[in-house]
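Values reported hereafter were calculated over all heavy atoms of this structure, with side chains retained and with hydrogens, waters and symmetry mates removed.
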Amino acid sequence: MNPSNHTSSPTRGQVSVCMAAYNGSAHIEEQIASILPQLQDGDELVIVDDASTDDTAKVIEALADPRIRLIRAETNRGYVKTFEAALTASKGDYIFLSDQDDVWIPGRVDAMVAELQHADVVASNFGYFGQAPRRIESLRLRSSDSTRRWANLLMLWVGVRPYYGCAMAFRSSAKNVILPFPGFLVETHDQWIALVGNLRGSMAHLEVNTLNRRLHENNTTPKKARSLVLILRARLMLARAFLVALARNRRGKAAAS
């Protein structure tokens with residue numbers, strides 16, 4: 001199945017694409033050019049520029065598209081806080097995360113919105129260009145695992161379930177559980193979102209590639225194997241995040257009953 005096979009619906013609801021940008025002038029225009037043709041009037045591309053020191057903001061402003069909302073941070077806060085700011089500012093029914101240097105495949109928005117008709121969170125597969133991916137980066141999601149939430153949570157915690165923010169979207173109904181990010185979360189905001197989706201029993205895996213991820217020297221994803229200390233620190237952080245997500249989901253269910 002190709003994502004371009006999905007037909008856009010004029011009544012699909014508003015889409016918000018949320019992008020964190022920092023010193024991305026080299027590639028951000030190409031990424032935006034792959035996103036805007038998939039958006040309808042009334043959709044939005046929310047870009048938070050994390051105090052870039054290059055011409056990133058100027059490149060965005062020069063596009064002069066009314067669907068683009070550029071928010072310029074006064075100080076550099078890092079990519080997790082920047083994504084959080086973009087998600088918080090979003091107004092749409094369907095909220096997508098986007099890196100600044102990838103290329104979206106035509107039909108991505110409609111394919112993922114279709115999955116969000118029966119799930120709160122969706123994650124897709126993706127291709128690569130620029131450099132060869134590491135073995136762990138070549139792991140793939142299977143749609144048959146979508147409902148295996150405890151297996152997904154275990155594999156996420158171990159670090160072998162490929163939930164990448166650039167390939168994720170969620171319904172606005174999950175926003176009050178996803179946001180704000182836990183204060184101790186200094187990385188892996190994407191795995192936090194996947195934690196929420198799986199704990200809600202509402203996670204969809206889309207097997208097709210919906211974007212091509214650019215690999216280069218400045219990617220935020222680690223390029224080399226981490227030390228044991230860093231691995232343990234990350235696993236402990238995810239364990240804490242699991243407990244926070246569990247508590248938020250329980251509070252949400254209690255409020256709804």
Tyr94 ring center within less than 6.0 Å of Phe96 ring center:
no
Partners of Ser34 by side chain to side chain donor-acceptor pair (under 3.5 Å), sequence neighbours excluded?
Gln31
Donor-acceptor side-chain pairing of Arg251 and Asn176 below 3.5 angstrom:
no
Is the backbone N or O of Met203 less than 3.5 Å from a side-chain atom of Arg149, with the two atoms forming a donor-acceptor pair by type?
no
When clusters are formed by joining ILVMFWY residues with side-chain heavy atoms under 4.5 Å apart, either directly or through shared neighbours, do Met19 and Val103 land in the same one?
no
Would the distance check show the side chain of Ser202 and the main-chain N or O of Asp120 forming a donor-acceptor pair, the cut-off being under 3.5 Å?
yes
With side-chain contact (heavy atoms from CB on, under 4.5 Å) as the criterion, how do Phe242 and Leu199 come out once you've worked through the C-alpha distance, each side chain's angles and the decisive distance to 0.1 Å?
CA-CA 9 Å; Phe242 171 86; Leu199 279 171; 3.6 Å; yes
dist Ile47:CD1 -> Ile71:CD1 (nearest 0.5 Å) comes out at 10.0 Å
Sub-4.5 Å side-chain heavy-atom contact between Asn125 and Val208:
no
Could you list the donor-acceptor pairs under 3.5 angstrom formed by side chains in residues 230-240, with sequence neighbours left out?
{"unit_1": "Arg235", "atom_1": "NE", "unit_2": "Trp157", "atom_2": "O", "d": "2.4"}

State whether Arg67 and Glu44 are salt-bridged, where the test is any N-O pair (Lys NZ or Arg NE/NH1/NH2 against Asp/Glu carboxylate O) under 4.0 Å.
no
Where Asp102 and Arg214 come nearest, the two heavy atoms and their spacing:
OD1-N, 3.1 Å
To the nearest 0.5 angstrom, please state how far the CD1 atom of Ile193 sits from the OH atom of Tyr164.
15.0 Å
Indicate whether any N or O donor in one side chain lies under 3.5 Å from an N or O acceptor in the other, for Ser16 and Ser90.
no
Do Ser143 and Leu206 have side chains that approach each other closer than 4.5 Å (heavy atoms only, starting at C-beta)?
no
Tell me whether Gln14 contacts the main-chain N or O of Asp93 through its side chain, where contact means a donor paired with an acceptor under 3.5 Å.
no
Non-hydrogen side-chain atoms of Val177 and Arg200 separated by less than 4.5 Å
yes
Are side-chain heavy atoms of Arg108 and Gln38 found at a separation under 4.5 Å?
yes
Quick check: closest heavy atoms across Ala241 and Trp192, and the distance to 0.1 Å?
O-CZ3, 3.2 Å
Quick one: do Val160 and Leu228 end up in the same hydrophobic cluster if we chain Ile, Leu, Val, Met, Phe, Trp and Tyr together by side-chain heavy atoms under 4.5 Å apart?
no
Answer with yes or no whether the hydrophobic clustering places Phe129 together with Ile35; edges join I, L, V, M, F, W, Y residues whose side-chain heavy atoms lie under 4.5 Å apart.
no
Are Leu87 and Val244 linked, directly or through intermediate hydrophobic residues, by side-chain heavy-atom contacts shorter than 4.5 Å (ILVMFWY only)?
yes
In this structure, are over 12 heavy atoms from other groups packed under 6.0 Å from Asp41 atom CG?
no
Val121 and Gly197 have their tightest heavy-atom pair at CG2-CA, 3.7 Å
For residues 49-64, which residue pairs pass the salt bridge (Lys or Arg N to Asp or Glu O under 4.0 Å) check, not counting sequence neighbours?
Glu61-Arg72
I'd like to know if Glu137 and Arg213 make a salt bridge, using a cut-off of under 4.0 Å between side-chain N and carboxylate O.
yes
For a quick test of reading the model, state the closest non-hydrogen atom pair linking Ile136 to Gly159 and the distance between them.
CD1-O, 3.7 Å
Side chain Thr82, main chain Gly78, donor-acceptor under 3.5 Å
yes
For side-chain contact (heavy atoms from CB on, under 4.5 Å), just list the numbers for Leu141 and Ser124, CA-CA rounded to whole Å, side-chain angles, deciding distance to a tenth of an Å, and then say yes or no.
CA-CA 7 Å; Leu141 293 171; Ser124 79; 6.0 Å; no
With heavy-atom distances below 4.5 Å as the criterion, would you say the side chains of Val46 and Val17 are in contact?
no
Assess the side chains of Asn198 and Asn152: does a donor N or O sit below 3.5 Å from an acceptor N or O?
yes
Got Leu211 and Trp104 here, is their nearest side-chain heavy-atom distance under 4.5 Å?
yes
Indicate the atoms forming the closest heavy-atom contact of Cys166 with Asp99, along with that distance.
CB-OD2, 3.5 Å
Atom pair SG/CZ of Cys18 and Arg69 - distance to nearest 0.5 Å:
8.5 Å
Can you tell me how far CD1 of Ile95 sits from CD1 of Ile178, rounded to the nearest 0.5 angstrom?
7.5 Å
Of all heavy-atom pairs between Ala167 and Met112, which one has the smallest distance, and what is that distance?
O-CE, 3.4 Å
Going through the distances and angles, do Asn76 and Tyr22 end up as a side-chain contact (heavy atoms from CB on, under 4.5 Å)?
CA-CA 9 Å; Asn76 181 270; Tyr22 178 70; 3.3 Å; yes
Connected via hydrophobic side-chain network under 4.5 Å: Val113 and Leu39
yes
Sub-4.5 Å side-chain heavy-atom contact between Val186 and Val80
no
Gap between atom CZ of Phe170 and atom CE of Met168 - 0.5 Å precision:
9.0 Å
Full working for side-chain contact (heavy atoms from CB on, under 4.5 Å) between Trp150 and Leu154:
CA-CA 6 Å; Trp150 297 113; Leu154 176 60; over 6 Å; no
Where does the angle between the aromatic ring planes of Phe181 and His189 fall among parallel (under 30°), tilted (30 to 60°) and perpendicular (over 60°)?
tilted
Arg140 atom CZ, over 12 foreign heavy atoms within 6.0 Å
yes
Donor-acceptor contact below 3.5 Å, side chain Glu115 vs main chain Ala111:
no
Could you check whether any side-chain heavy atom of Tyr163 comes within less than 4.5 Å of a side-chain heavy atom of Thr188, counting everything from C-beta outward?
no
Under-4.0 Å salt bridge between Asp110 and Arg12
yes
From Arg134 CZ over to Gln131 CD, what is the distance, rounded to the nearest 0.5 angstrom?
11.0 Å
